[in-house]
*Asks:* 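Questions regarding the structure given below will be posed in turn.
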Number of protein chains: 2
Amino acid sequence: MNDHEAKLASYLHKRGLKFTRQRRIVMREVFASHEHFQADGLLQRMREKNLDVSKATLYRTLALLVEGGLLRQEVFGERHCHYEHIYGHKHHDHLLCLGCGKIEEFRNNDIERLQDQICRKYAFTPTTHQLEIHGHCKKCRKEQG
Amino acid sequence: MNDHEAKLASYLHKRGLKFTRQRRIVMREVFASHEHFQADGLLQRMREKNLDVSKATLYRTLALLVEGGLLRQEVFGERHCHYEHIYGHKHHDHLLCLGCGKIEEFRNNDIERLQDQICRKYAFTPTTHQLEIHGHCKKCRKEQG
DNA sequence: CTTCTTGCAAATCCTTTGCAGTTAC
DNA sequence: GTAACTGCAAAGGATTTGCAAGAAG
């Protein structure tokens, strides 16, 4: 059992929940890649591999992984959620190209630090944050003229 | 006609669109307050005042105001959109309390400046951005222990 | 064996759309 | 006049839920 599986197991145990076949399947699939993904895409990929987990269970499991701190949920100004797993992947923020839809990641320690300052100032205890910048990437900027 | 009405009028004119009764009603209601709001809440408030605009038209008009740069759309990790109008209201970011749902605004010029730096670094032309910090406010922090 | 889970299909929520009649310019 | 607009009701997409049967501890 690897690192993140252990973490999930411990989270489930603490809450009196069970480590089922489906939960293991979903978790493995989620951690198989570092890409952003959406519930529906994940479901399709799993179906192609004949990993049978129902849509309902998938959604329920993703929620569990988010609660358990293994998965990050991002809502990119659209109506469906994107996810990305947290293990071995430092926190970062996103540039979203409105032209080609590309999502670029960046990380800036100064911004992180300033956010902490702000939280202190407002006596706010942060859990997560999300910074996204919408605009046009180099390529699409040119095409736009 | 006031400032934002003029701006909308000019935007509509430029695009060959019409300044209808309903659009005027929605715009007035939107600009009547500085609060964040959601489409459904706005609709209800308008109904209470006997301002009859259909749900479809409301959504269409909100989209128009966003396109026209009069309204800002925020997706707070939930499924419905929040809006806040832009006039007389500097850009700012948000602290969202997961306990009581309160939304607090803040503005930090250093963060804004750093974002611009990042965009330059990635040759990215920003249109808008959104930074939200989720966590617990002072009051809810205490209650949580 | 008891409690938690699953899969299914139906429900939900917010938002968008098609269309026939109406209005702004 | 004629494009754009409206309201309605129905459709849409992503996610959630109720429930009876199944699996984990």
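Just so it is clear: chains get the letters A, B, ... in the order the sequence lines come, proteins before strands, and each one is counted from 1.
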*Asks:* For the pair made of CG in B/L62 and C1' in D/dT6, what is the distance, rounded to whole Å?
*Replies:*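 So the two atoms are 15 Å apart, to the nearest Å.
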*Asks:* Can you check the A/L43 CG to D/dG13 C1' distance for me, whole Å?
*Replies:*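 Going from A/L43 (CG) to D/dG13 (C1'), I get 14 Å.
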*Asks:* I want to confirm an ordering. Mapping B/G16 and B/D52 to their closest nucleotides on DNA chain D, which one lands closer to the 5' end?
*Replies:*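 Its nucleotide being nearer the 5' end, the pick is B/G16.
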*Asks:* Return whichever of B/L17 or B/A63 has its heavy-atom-nearest nucleotide of DNA chain C closer to the 5' end.
*Replies:*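 Checking each residue's closest nucleotide, the 5'-ward one belongs to B/A63.
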*Asks:* Please check this pair: side chain of A/R107 against backbone of A/H91, looking for a donor-acceptor N/O pair closer than 3.5 Å.
*Replies:*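 Here the side-chain-to-backbone pair exists.
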*Asks:* For the pair made of CG in A/L51 and C1' in C/dT6, what is the distance, rounded to whole Å?
*Replies:*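 Going from A/L51 (CG) to C/dT6 (C1'), I get 16 Å.
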*Asks:* Between D/dT6 atom C1' and B/R21 atom CZ, what is the distance in whole Å?
*Replies:*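 Interatomic distance, CZ of B/R21 to C1' of D/dT6: 9 Å.
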*Asks:* I need the CG-P distance between A/L58 and D/dT15, as an integer number of Å.
*Replies:*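 One finds 10 Å between P of D/dT15 and CG of A/L58, rounded.
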*Asks:* Is there a side-chain polar atom (N or O) of B/T57 under 4.0 Å from OP1 or OP2 of D/dG7?
*Replies:*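 The answer is yes; a side-chain N or O of B/T57 sits under 4.0 Å from OP1 or OP2.
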*Asks:* Report whether B/Y59 and B/L12 are members of the same hydrophobic cluster (ILVMFWY, side-chain heavy atoms less than 4.5 Å apart, transitive linking).
*Replies:*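 No, B/Y59 and B/L12 fall in different hydrophobic clusters.
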*Asks:* Using whole Å, report how far CZ of A/R24 lies from P of C/dT5.
*Replies:*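 From A/R24 CZ to C/dT5 P: 14 Å.
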*Asks:* If you compare all heavy atoms of B/I111 against all heavy atoms of A/I118, which two are closest, and at what distance to 0.1 Å?
*Replies:*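 Looking at all heavy atoms of both residues, the shortest contact is CD1-CD1, 3.6 Å.
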*Asks:* Does the D/dA3 base have a donor-acceptor partner in the side chain of B/K18 within less than 3.5 Å?
*Replies:*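 Answer is yes: a donor-acceptor pair is held.
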*Asks:* Of the nucleotides C/dC8, C/dC25, D/dT15, which has the atom closest to the A/A56 side chain?
*Replies:*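 Nearest listed nucleotide: C/dC8.
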*Asks:* Should the pair B/D110-B/R113 be classified as a salt bridge under the 4.0 Å nitrogen-to-oxygen rule?
*Replies:*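 Yes.
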*Asks:* May I ask you to evaluate whether B/R23 reaches the phosphate of C/dA24, defined as a side-chain N or O under 4.0 Å from OP1 or OP2?
*Replies:*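 Negative; the distance criterion is not met.
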*Asks:* Heavy atoms from C-beta onward define the side chain here; which of D/dA14, D/dA24, C/dA9 lies closest to that of A/Y59?
*Replies:*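 In terms of side-chain proximity for A/Y59, the closest of D/dA14, D/dA24, C/dA9 is D/dA14.
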*Asks:* Below 3.5 Å, does any donor atom in the side chain of A/R60 face an acceptor in the base of C/dG7, or the other way round?
*Replies:*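 Counting by modelled atom types and ignoring angles, a donor-acceptor contact under 3.5 Å is found here.
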*Asks:* Whole-Å distance between C/dG7 C1' and A/K55 NZ?
*Replies:*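 Value for this atom pair: 13 Å.
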*Asks:* Write down the distance between CG (B/L12) and P (D/dC5), rounded to a whole number of angstrom.
*Replies:*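 It is 8 Å, rounded to the nearest whole Å.
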*Asks:* Parallel under 30°, tilted from 30 to 60°, perpendicular over 60°: which one fits the rings of A/F106 and B/Y122?
*Replies:*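 If you compare the ring of A/F106 with that of B/Y122, the planes turn out tilted.
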*Asks:* Of all the choices, C/dT6, D/dT15, C/dT15, which nucleotide is nearest to the side chain of A/Q22 once you look at every atom?
*Replies:*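 For the A/Q22 side chain, the nearest candidate turns out to be C/dT6.
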